[in-house]
Amino acid sequence: MNTRRTLFTVAAAALFGFAGAAHAQGEPLRVATDATFPPMEFVENGKRTGFDVELVEAVGKTLGRKIEWIDIDFKGLVPGLISKRFDMAVSAIYITDERKKVVDFTVPYYAGGLVVMVKDGNTAIKAPADINGKKVSVQVGTKSVAFTKEKYPQVQLMEVEKNQEMFNLVDIGRADAAVTGKPAAYQYVRTRPGLKVLPEQITTEEYGMAIRKDTPELTKAVNGAIEKLKADGTYAQIEKKWFSASAK
C-alpha cells in the first residue's frame, strides 16, 4: 500500500511539474525597453521596431512565449527589473561589471562600440588607421573626441555640437570621415544612401539582455534561444537588415 502511494505521489508530482513548465512556457514574457535609440529600438509609423525588437520577438517565438513590451526610460530599466516590474530588459544595454553586480546578463548578442563612417566611394579610407591625417568629424563631449585624439594623433578633428552636423560634414564632403557609435552610424547609412560604415571597429563594447538574478532558468532559456537563432540563420537575417555595411 505504501509502495502504491509512493508511486502515485511521484507520478502526481511529475505531472504537476510538467503542467507547471507548460504553463510557464505559455506565459507572456514581459520585456522593458526605451524605444528611443535607432536602429536598436525606436518607434516608426506608430510601431515599435529595430534590431533589439525583432531579435526579442524571435526569441519569444522560439520559447513559445508572446512578448509583452513595457516602455520605460533607460535609467529605470535596471531598477525596474530588480523590483520585478518585468522579466527582462533589452535596450542596447552594455554589459558592465557594475551592472552584473545587481542583474544577470545573457550571452553578448551584439558588439557595439566606435566605428568610422565614410562616403561609399571613398577609396583612401579602407580601415580606421587610414583616418590619420584626414579631416574627421566628431560630436563634442562624446567618447569619440578623446579616443580619436589619443589613438590617431594626426587626424584633423572637426568638433560639432550635434550628431546630424557630424554626419552632414561627411555627406557634403567637408569631412573625410566621422567617428561615432556603431548604432547611430548604421541608422544614418540606412536612411541616407551613398555612405558606408567600415567593417573594422575602433572599439568593442558588448550588449546583453538583462534578466533578474532570481530567474536563472530564464537566462538559460534565452541563451538557448539566441544560440538556436544563430544556428538556423534567423539572427544573421535580422543583423543584415539593420547593420548592413552600406545603404545600397
Side-chain angles (χ1 to χ4, degrees), residues 29 31 33-67 69 88-95 105-123 125-128 130-131 144 163-164 166-167 170-171 177-210 221-248:
L29 185 61
V31 182
T33 192
D34 180 5
T36 59
F37 189 55
M40 302 304 280
E41 48 271 317
F42 60 106
V43 176
E44 188 172 64
N45 298 322
K47 185 179 178 181
R48 201 182 290 101
T49 188
F51 176 77
D52 280 349
V53 174
E54 289 197 16
L55 183 58
V56 169
E57 290 287 352
V59 166
K61 186 176 180 180
T62 301
L63 297 178
R65 299 180 67 175
K66 182 180 179 182
I67 302 301
W69 289 101
M88 188 162 73
V90 185
S91 196
I93 304 173
Y94 282 136
I95 299 172
F105 281 98
T106 59
V107 291
Y109 67 88
Y110 193 74
L114 297 179
V115 294
V116 177
M117 188 191 80
V118 298
K119 276 197 168 183
D120 204 17
N122 190 325
T123 57
I125 302 177
K126 298 178 180 179
D130 297 333
I131 67 174
S144 305
N163 237 20
Q164 189 63 43
M166 174 179 61
F167 295 138
V170 179
D171 218 356
V179 171
T180 187
K182 186 174 181 176
Y186 276 107
Q187 172 64 10
Y188 193 77
V189 302
R190 188 176 77 90
T191 58
R192 293 293 294 270
L195 298 164
K196 66 179 180 181
V197 179
L198 300 186
E200 182 185 342
Q201 295 184 201
I202 297 176
T203 67
T204 298
E205 295 165 87
E206 295 179 311
Y207 294 126
M209 300 182 183
V222 175
N223 279 339
I226 293 172
E227 184 178 340
K228 184 177 184 298
L229 293 170
K230 287 187 175 182
D232 68 14
T234 301
Y235 178 93
Q237 291 175 4
I238 298 171
E239 183 182 35
K240 184 178 181 181
K241 175 180 177 179
W242 294 102
F243 296 101
S244 58
S246 71
K248 288 180 180 178

Can a donor-acceptor pair be found, under 3.5 Å and without considering hydrogens, that links the side chain of Tyr110 to the backbone of Asp52? no
Any non-hydrogen side-chain atom of Gln187 less than 4.5 Å from a side-chain atom of Arg190? yes
More than 12 heavy atoms of other residues, nucleotides or ligands under 6.0 Å from CD of Gln164: yes or no? yes
Residues two or more places apart in sequence or in another chain: which of them pass ring pair (Phe, Tyr, Trp, His ring centres under 6.0 Å) with Phe42? Trp242
Taking it one step at a time, do Lys182 and Leu114 satisfy side-chain contact (heavy atoms from CB on, under 4.5 Å)? CA-CA 6 Å; Lys182 186 174 181 176; Leu114 297 179; over 6 Å; no
CD of Glu54 to CG of Leu229, rounded to nearest 0.5 Å, is 12.0 Å
Glu57: partners by salt bridge (Lys or Arg N to Asp or Glu O under 4.0 Å), with sequence neighbours left out: none
Donor-acceptor under 3.5 Å (Thr204 side chain, Gly113 main chain): no
Val197 and Phe243: CA distance, side-chain angles, deciding distance, side-chain contact (heavy atoms from CB on, under 4.5 Å) verdict: CA-CA 9 Å; Val197 179; Phe243 296 101; over 6 Å; no
Looking at Lys196, is its backbone amide N or carbonyl O close enough to the side chain of Asp120 to form a donor-acceptor pair, meaning the two atoms are under 3.5 Å apart? no
For a 4.5 angstrom cut-off between non-hydrogen side-chain atoms, does Phe37 reach Ser91? no
Ignoring hydrogens and angles, tell me if any N or O in the side chain of Asn45 forms a donor-acceptor pair with the backbone of Lys47 under 3.5 Å. no
Spacing of CD belonging to Glu41 relative to OG1 belonging to Thr36, to within rounding of 0.5 Å: 7.5 Å
I'd like to know if the side chain of Asp171 and the backbone of Phe167 have a donor-acceptor N/O pair within less than 3.5 Å. no
Give a yes or no answer on whether the side chain of Lys66 reaches the backbone of Leu29 with a donor-acceptor pair at less than 3.5 Å. no
Distance-only, no hydrogens or angles: does the Thr180 side chain make a donor-acceptor pair with backbone N or O of Ala185 under 3.5 Å? no
Residues two or more places apart in sequence or in another chain: which of them pass ring pair (Phe, Tyr, Trp, His ring centres under 6.0 Å) with Tyr207? Tyr94
Taking all atoms of both residues into account, what is the closest heavy-atom pair of Met166 and Val179, and its distance? SD-O, 3.8 Å
Any side-chain heavy-atom pair from Thr33 and Val53 closer than 4.5 angstrom? no
Working for side-chain contact (heavy atoms from CB on, under 4.5 Å), residues Leu55 and Met209: CA-CA 11 Å; Leu55 183 58; Met209 300 182 183; 3.7 Å; yes
